Amino acid sequence: MPRLAVVVVLVLLGAHAASVRAEEPLIEWDKVLLRQISGGPESYPLALAQMYASGQRAEAIARLEGWSEADMKAELVTLRSLMRKMNGRLPEDRLRAAVMLHTDRESYERLQSPVVESVRECGINKHGGYARSLIALLIVQSDASREFARQWITAMALSSQWDLCLDDVRRWTHEGLKWFPKDAPLLLIQGTAGETAAALTPEPALYANPNNRSEGLNDLARRRQALSQARGDLDAALALDPDLHEARLRLGRVLWRLEKANEAQAVLQALVEREAEPWILYLGHLFLGRVLEDGGQLPAATEQYRSALAVDPASQAAAMALSEALVTAGDGDEARDVLARAVAFAPRGQPRDAYMSYHLGRANLAEGMLDALRAGTMR
Amino acid sequence: MKTRLALVLSCAPAVASAQTPQPPVFGARVESVYVDAFVTKDGLAVRGLTASDFELKDEGVVQEVELVTSDQLPLVAVLAFDASGSVAGPKLAALQAAGGAFLDGLKPQDQAALLTFNEEVRWAGDPTADKQRVKLALGSIQSRGGTAVMDGLYTAVTLPTSKARSLIVLFSDGEDNLSWLDDKQVKAVVERSNALVHVVGIVPGVGPGPELSATAAPQAGLRQAQAVPQGASNVEPIHNRTLRQIAEATGGRFWPSASPDRLRETFAAIAEAMSHRYVLRFEPPSGRKPGWHRLELKLRGKPGRIEARRGYWVGAR
């Protein structure tokens with residue numbers, strides 16, 4: 001951004017900060033801030049966060065146009081300096097608003113086509129990175145801010161999962177688990193990302209061509225590593241929260257992908273005998289059926305597929321599974337009937353077949369979580 | 001348990017003169033086996049062959065074959081089209097136009113149906129000889145969502161209830177990311193079915209060139225399709241390779257189209273190839289064992305390349 005524009009923005013910010021100060025009695029924090037400022041009111045840290053919190057969200061986000069990493073680093077240095085001088089205290093409300101302000105700016109700069117199969121832009125850019133730096137300051141302030149940070153990191157991880165930016169998911173979960181090492185939902189999200197990464201890696205068996213052998217072996221190694229890590233994460237999540245049924249579901253699927261059929265069957269069998277959410281039960285039966293079918297237990301697999309279809313009669317995945325099992329068993333007529341009923345449902349709209357969104361995990365919760373955090377910063 | 005034999009692949013009625021073939025019979029008696037053969041030389045269809053020009057072996061044993069005219073075996077053509085988000089815009093318009101042209105090339109007695117797949121499979125209606133109705137459905141395709149190619153192909157092969165043989169023309173522009181069924185499951189079902197599968201994909205740099213005339217295009221498309229090696233290639237995308245292998249298992253092909261605006265020519269090339277195919281019929285000996293039966297087909301004393309299914313399945317019930 002041209003230097004002139006930066007100056008204009010900062011002058012405007014300064015003007016706004018001055019107007020805010022004129023309307024409100026100066027709190028202790030502002031007095032300290034002002035004493036630190038050598039370059040005039042335009043250097044007032046977190047002024048845009050204050051604007052954001054006062055309801056001028058769009059304007060505040062727009063005014064971040066052109067902020068460089070150096071600008072953010074400078075503000076961070078100032079904040080750390082102030083924190084030291086104020087015995088570790090910083091204004092929590094304003095810090096939270098700043099986190100959400102930069103989160104929103106990051107989202108704005110990454111706006112993408114809603115087309116599902118468009119290429120997704122991944123990576124944590126400067127505003128996301130800065131928000132993460134602010135979290136490090138915020139998290140030590142109070143239990144409430146600690147909870148804010150936990151929610152925010154979880155939402156950011158889920159948001160990355162939504163875009164299938166799986167490396168980003170792991171960056172966020174690593175960050176979160178650093179602060180909250182016993183957070184079962186974060187472990188679940190991390191395990192989901194690992195499983196998804198493996199599932200999206202092509203089956204090594206497809207590399208029959210000797211020219212691609214090394215590529216296939218590399219993929220195989222990456223896939224197994226991702227699955228092993230996912231298994232560890234899901235085991236850990238279940239150890240912390242045995243009622244986290246989604247973790248059990250995913251663990252069963254991961255074990256199946258790792259070709260540990262007996263363990264997968266045991267985990268999934270235990271799941272379908274519990275009282276879980278319908279979508280988890282549906283997928284539990286579906287996945288258990290596949291384990292059984294691969295093991296040559298076609299009648300037992302067929303029963304599981306029927307159970308899955310009973311939980312979600314509009315499911316196409318369960319219908320495909322049941323139909324294919326029936327064809328394999330030689331019952332072409334029923335296979336066709338099952339399939340005909342399933343495609344008659346399409347397009348079903350919402351809610352979607354849970355299998356279709358399985359790789360997204362709970363990513364659909366991200367926006368709601370961010371909305372709640374955003375609302376909490378508004379005065 | 002008493003074992004009964006069922007030919008569930010490439011079966012059609014022994015009486016070929018009927019307007020509509022009878023269904024495969026799941027019984028103890030052995031049905032006729034039909035084999036579609038595409039014969040080319042230097043990329044061009046070889047015409048005028050007779051039954052005596054072919055040598056067909058069933059499990060290594062030479063069989064007596066007869067030629068059946070394609071008029072005696074009307075088709076059920078299922079257009080199985082990718083309607084995922086990546087097909088939006090001009091690509092979809094080109095696909096719709098190509099599908100319409102393909103329908104125009106079918107014979108009056110042939111039936112057609114449309115199936116689309118994105119993250120879900122949608123069956124627009126049972127096969128019908130009313131091609132205009134299928135065209136209307138074609139025009140209403142809306143692209144969105146992910147891609148469940150294998151589920152779509154499985155449905156296209158399994159769902160038609162018509163008694164005639166089915167020709168599946170599948171178009172997809174990308175890799176499968178949402179199917180429940182995997183390629184091995186679908187390949188097994190397709191091999192056992194009575195379907196002939198042709199697959200069309202976008203492969204930049206391959207396919208009919210822009211300089212071709214409309215009349216030359218189909219044959220050129222045929223040549224280009226054959227330019228894709230039978231064996232695996234280290235440059236061929238995995239999803240194309242998988243679909244090609246499935247198509248070839250049925251005696252069909254993978255047809256590359258250089259770009260969406262060449263789709264019409266590619267589909268015309270398929271129609272052209274279908275019109276020049278030879279349909280061979282033989283009656284396998286009774287008492288066939290259930291399972292896969294390997295077929296070998298070659299020309300007797302004539303140059304040319306043959307593409308045909310590599311076997312048929314006898315089911316046990």
Side-chain angles (χ1 to χ4, degrees), chain A residues 113-119 164 199-200 202-203 205-213 215-216 219 286 290 293-294 305 314-333 335-340 342-349 352-353 355-359, chain B residues 6 8 24 26 84-89 115-124 126 142-148 150-151 154-155 157-161 173-175 177-186 188-189 192-193 231-239 241-242 245 290 315-317:
Chain A
S113 159
V115 175
V116 171
E117 293 193 328
S118 64
V119 177
L164 291 179
L200 297 183
E203 288 281 355
L206 290 171
Y207 291 90
N209 185 345
N211 294 336
N212 277 345
R213 186 171 168 76
E215 190 184 340
D219 279 350
L286 192 60
R290 184 59 192 267
E293 185 177 355
D294 284 359
Y305 295 146
S315 155
Q316 280 205 353
M320 293 286 164
L322 177 58
S323 175
E324 188 272 340
L326 289 166
V327 163
T328 304
D331 193 345
D333 289 341
R336 199 175 291 115
D337 289 345
V338 167
L339 199 56
V343 295
F345 274 105
R348 61 183 266 165
R352 293 153 55 104
D353 186 327
Y355 176 69
M356 304 301 168
S357 50
Y358 176 70
H359 288 317
Chain B
V8 292
F26 296 86
S84 64
S86 59
V87 185
L115 174 148
T116 56
F117 55 87
N118 40 45
E119 53 205 29
E120 292 180 316
V121 179
R122 188 175 191 189
W123 179 244
D126 287 335
Q142 292 184 328
S143 59
R144 64 168 181 82
T147 309
M150 289 301 150
D151 287 356
Y154 172 78
T155 307
V157 167
T158 307
L159 212 49
T161 53
D173 74 332
E175 58 190 300
N177 49 28
L178 276 173
S179 284
W180 168 259
L181 300 173
D182 65 32
D183 57 299
K184 295 176 196 70
Q185 290 175 304
V186 173
V189 171
R192 296 176 188 195
S193 78
S233 157
N234 61 350
V235 295
E236 185 180 20
I238 288 169
H239 52 274
R241 189 186 314 170
T242 304
Q245 288 169 345
R317 295 202 63 183

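Below, read A as the first sequence line, B as the second, and so on, with proteins coming before strands; counting in each chain starts at 1. Only a predicted model underlies this, so the values are computations on that prediction, with no experimental measurement involved. Basis for what follows: all heavy atoms, side chains included, without hydrogens, waters or symmetry-related copies.
- Between chain B and the options A:A318, A:A321, A:A335, heavy-atom pairs under 4.5 Å are most frequent for A:A321.
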Evaluate A:M320 against B:V121 for side chain to side chain contact (heavy atoms under 4.5 Å, CB included), listing each step before the verdict.
CA-CA 10 Å; A:M320 293 286 164; B:V121 179; 3.7 Å; yes
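- By the side chain to side chain contact (heavy atoms under 4.5 Å, CB included) test, A:D294 is found to be paired with A:W256, A:R290, residues two or more places apart in sequence or in another chain being considered.
- By the side chain to side chain contact (heavy atoms under 4.5 Å, CB included) test, A:A325 is found to be paired with A:L298, A:T302, A:Y305, residues two or more places apart in sequence or in another chain being considered.
- For B:L178, the parts lying under 4.5 angstrom from a heavy atom of chain A are both the backbone and the side chain.
- Residues B:S179 and B:Y154 have side chains that never bring a donor and an acceptor to within less than 3.5 angstrom of each other.
- Comparing B:N118, B:D182, B:D151 by how many heavy-atom pairs each has under 4.5 Å with chain A, the most go to B:D151.
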